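Reminder, nothing fancy here: chain letters follow the sequence lines and each chain counts from 1. Heavy atoms only: backbone and side chains are in, while hydrogens, waters and symmetry mates are out. Nothing here was measured: the structure is a model prediction, and the numbers come from that model.
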Amino acid sequence: MSYKENKSLDQRLELEEIENRCKKFWLENNVYAYDNTKSREETFIIDTPPPTVSGSLHIGHIFSYTQTDVIARYQRMHGKTVFYPIGWDDNGLPTERRVQNYYNITCNPELPYDASFKPEHKEDNSAPRREISRKNFIEACDKLTASDESIFEDVFKNIGHSYDWNLKYTTISPETIKISQESFIDLLEKKYIASVEAPTMWDVTFQSAVAQAEIEDREVQGFFHDIKFEVEGGQDSFIISTTRPELLPACIAIVAHPDDERYQKYFGKKAIVPLFDIEVDIVASEHAEKDKGTGIMMVCTFGDSADVAWWKKSGQPLKQIIGPDGRMLDIEYGQGVFTSKNPAKANQNYRQLVGLTTKQARAKIVELLAECGALQGELRPVTHMVKFYEKGNLPIEFVSSRQWFVKLLEQKDNLIKAGQQIKWKPAHMQRRYEEWANGLNQDWCISRQRFFGVPFPVWYKLDSHGYPDYDHPIIADRKQLPVDPMSDVPLNYTEEQRGKPNGFIGDKDVMDTWATSALTPEIALGLTNSPLKLPFDIRPQAHDIIRTWAFYTIAKALMHHNTIPWTDILISGFILDPDRKKMSKSKGNVITPQHLIDKYGADSVRYWASRAKLGTDTAFEEQIMAQGKKLINKIFNASKFAMTIVANSGISDYSVSADSITNETDKSWLYKLSSSLEGATKYFSTFDYAGALEVIEKRFWDFCDNYLEIIKKRAYSEDNRSAVLSLVKSIDVFVRAFAPFCPFVTEEIYQALPWNNGRPVSVHLTSWPTEQEFAGIISNDMLYDSISQLTSEVRKAKTEANLTQKTPVKKLVIAAPAKVISLLSAHGIDLENVTNAYPNAIEYIEGSELSINKIELDLDFVPENKKKQDVVG
RNA sequence: GGGCGUGUAGCUCAGUUGGUCAGAGCGCUGCGUUCACAUCGCAGAGGUCACAAGUUCGAGCCUUGUCACGCCCACCA
């Protein structure tokens, strides 16, 4: 496919046309296709983050993903075939939540499938949500994610990301589900996974278990309630300060510190829980701290993870009073574990709590406590930290249930070692990882009581009474994968046996979405027949998901393959509001990536992203994009100008060599250019795209402001060969050096270069310019720097005299070291030209430093345009 | 409570191993340019490099302490 009809550059820079032309051209020519015949050494592998599909792309996505793209493009030009996949993380809770709101529906797994149901977008969400079956719900998720994903894809294409779109995946696709289920079975066989019935952190809104990594602390306004407990015998009493009085019915013990003298006398005795007359032991335990509250506290099932830990050791029964929905369960005192000295009284009080939320129950129990006189004094306000599921609005509860756990705790040391083998950029981010690994205190709960996710490939046998045997699950055969145990049947069973005694039931949970996204290396490899293996080269990601995505990926690579998943991890920063807070949703929605691409052009937005260093949060500053647009414009115009000179030069052999570049100024300039490239390459070798851009950009402005001006006259003259070929080389090099950053404008220019015969179809397939290309051609920086400095000083003198730059120089005395004088006097024609000096106006005297000793300008000079004005005026 | 990071011109940020390191862009002011580019060029003003002490011939850069901001982690009765 050809790029465009007319090969020459347009008169003006038409960004939109260029972008459309490029996008089409790159796709049609498979410019970014990964070549699976190349060896590992010739391949650069990127573990691209699959963005969560739950709404729209944020400018922060564009920021970090573009930085990775710049690296990918550099590596491609550096001679590697780049394995650069892209996926959409569409399974999981964020998607479910969006789907519920978008269609105003909710999943009720009890309902049968309704083939006629078609989800429709509802603007108005005030009506009660329509309940639909699990299968209908998943179909709705599929539908909405598919449309969201096509929008994401457009934005990524518009910004010019060079993914190999043949390597596209979604985390809910059958292929991904298969890989995720294989991972589960592998870890299960290796005994890294087990199902455990235990108190688990539970979000009551989404009614699902959640993992430690998804928990965050939030400051909450609460109250201390001072509650009087009688000691058995009724002679004595003590006060407990608690923020959660609604847990009184689940009290299993009272504890105080062993050294606390105030409570020594109670140890070994029993306390009576008010309202419910539960007899509980008063126990000495390090768990309590003397100077907190009243120093004595109640242990309930469960107020916090400390309660869970204490309960596990104690051998006490579990009294679960909070249900999965966060409401008080309907329990009966005098039955089972709910003992009471006075069941009738306990039940009378507890009946008033049944069905209430914890918050409502707290208010009610305060009433009851006040009535019976157990509540001492006023409630005392306190702000304290409470654990929340990161996506939830209510505190988490500990609910006992059966869940699948990945045994990470026993891997702690290996995880830390693996983290040390990986190169973190910036390096201090490794600390974040290590601290998280060190602080891990729970295994990874991977089951979620949700619907849109990867099902566990597991069924349970039912005994003759219809009770499931959780200890001996039926694991799917690998050949069956992917399976949905709710609709598929285990080997040697029939659908008729589902739910019947001696039959089976399917595991109805789905996996934590991280359990699947921690497999992005394996998922990506599944898309190709390449012989690639872990470890990959780089994992780009943001720092907020070090404890989840990075951590779990390292864990899985370790458990599956006993290797690190990548050699380098590049941590990007955040885009912050001007007030340095993390950019808010509302603002992000106003300034959408597409809006910015439309306003400044994709290359300019990319320029903005490329300027920021890794790992550093930066305030959003739109002006950088305006600056980028100026650069893009300059690249276009300077190239166009240079190409016009070349076209009119009468030169047709564009080969650049020591024979063709004969002028010393040109040699000296090319030396400058060459050393900038050396610097840029060095920066890129440590993934420092920002450093690379800086040196290239700096040299480019030098080229425009100085070199072009210096050689202009010579390039138009008879003896123009060296200057013209130097321009050819300069433009060719700049186009390639800017290509990773500004792929659109550089492609547009590359396609118009008249010396492209036999070269790759796209600039993005050419080789990265290195200093080796200049071998034998270049000299050193002395001459160019000298002319450049003098040019600038003469310019300054003219500016300060309020004269036009065209003003001729009558006399210019230059002081310089002998070495510089000999260079300048032999090759000073450009200096004469650029300063517009009269013949023989330049003189040299010896001095220690290069400087202008004396300058005399032609004050009688009148520019052409002024003359005309005078005539008219 | 523990850890990490940041603090450089009005704003956003560079400053690699301590010695032209006091910078860039934007903004502001002035001047110029219209035959590559007004999406332009040139120049100017502006900073005790958070503060204090120390190491050193020499510190924005190293050490210690202080302050401010941000982030991460922490059993939060």
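Residue contacts shown for A/Glu694 are limited to sugar-phosphate atoms, with no base heavy atom under 4.0 Å away. At a threshold of 4.0 angstrom between heavy atoms, the contacts of A/Gly295 include nucleobase atoms, whether or not backbone atoms are also involved. No engagement by A/Arg218 is indicated, since no non-hydrogen atom pair under 4.0 Å with the nucleic acid exists. Residue A/Thr243 is in sugar-phosphate contact alone, with no base atom involved, counting any heavy-atom pair closer than 4.0 Å across all strands shown. Using a 4.0 Å heavy-atom distance criterion, A/Asp217 is classed as a base contact. Residue A/Ala288 is in base contact, counting any heavy-atom pair closer than 4.0 Å across all strands shown. Among the protein residues, A/Trp310 comes within range of no part of the nucleic acid, since none of its heavy atoms lies under 4.0 Å from any strand.
Atom P of nucleotide B/rC71 and atom CZ of A/Arg547 are separated by 14 Å, given to the nearest angstrom. Atoms CZ (A/Phe224) and C1' (B/rC76) sit 9 Å apart, rounded to a whole Å.
Taking atom C1' on both nucleotides, B/rC49 is separated from B/rG15 by 10 Å, rounded to a whole Å. Atom C1' of B/rA9 sits at a distance of 14 Å from the matching atom of B/rG44, rounded to the whole Å. A gap of 10 Å separates the C1' atoms of B/rG60 and B/rG18, to the nearest Å. The P atoms of B/rG65 and B/rG23 are separated by 32 Å, rounded to the nearest whole Å. When the C1' atom is compared between B/rU17 and B/rC76, the two are found 46 Å apart, to the nearest whole Å.
Under 4.0 angstrom from either OP1 or OP2 of B/rU34 there lies at least one side-chain N or O belonging to A/Lys806. In terms of phosphate contacts, A/Lys387 brings a side-chain nitrogen or oxygen within less than 4.0 Å of OP1 or OP2 of B/rC75. Contact between the side-chain N/O atoms of A/Arg431 and the OP1/OP2 oxygens of B/rC4 is found at a separation under 4.0 Å. The side chain of A/Lys640 places no N or O atom within less than 4.0 Å of a non-bridging phosphate oxygen (OP1 or OP2) of B/rC35. Taking side-chain N and O atoms only, A/Lys630 has a distance below 4.0 Å to OP1 or OP2 of B/rC26. Note on A/Gln212: a side-chain N or O is less than 4.0 Å away from OP1 or OP2 of B/rA74.
Not less than 6.0 angstrom separates the ring centroid of A/Phe302 from the ring centroid of A/Trp310.
At a cut-off of 3.5 angstrom, the base of B/rU12 holds no donor-acceptor pair with the side chain of A/Arg611. Remark: the A/Lys796 side chain and the B/rC42 base include no donor-acceptor N/O pair separated by less than 3.5 Å.
For A/Glu621, the listed nucleotide lying nearest its side chain is B/rG25; candidates were B/rG25, B/rG3, B/rC76. Side-chain proximity of A/Phe641 to the nucleotides B/rC75, B/rG5, B/rA36 is greatest for B/rA36. Residue A/Cys704 has its side chain nearest to B/rA36 when only B/rG41, B/rA36, B/rG27 are considered. Distance from the side chain of A/Ala306 is smallest to B/rC75 among B/rC40, B/rC75, B/rA14. The side chain of A/Ser305 sits closest to B/rC75 out of B/rA77, B/rC75, B/rG25. Listed candidates were B/rC13, B/rA77, B/rC72. Nearest to the side chain of A/Glu435 is B/rC72. Closest approach to the A/Thr242 side chain among B/rG41, B/rA77, B/rC73 is made by B/rA77 (side chain taken as heavy atoms from C-beta onward). Closest contact between the side chain of A/Arg795 and the listed nucleotides B/rA36, B/rA74, B/rC42 involves B/rC42. Listed nucleotides: B/rC71, B/rA77, B/rG15. Nearest to the side chain of A/Arg432: B/rC71.
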Before giving the answer on side-chain hydrogen bond (donor to acceptor under 3.5 Å, both in side chains), spell out for A/Tyr683 and A/Glu694 the whole-Å C-alpha distance, their side-chain angles and the decisive distance to 0.1 Å.
CA-CA 10 Å; A/Tyr683 278 119; A/Glu694 196 182 335; over 6 Å; no
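Classified by interplanar angle (parallel below 30°, tilted 30° to 60°, perpendicular above 60°), the ring pair A/Phe700/A/Phe734 is perpendicular.
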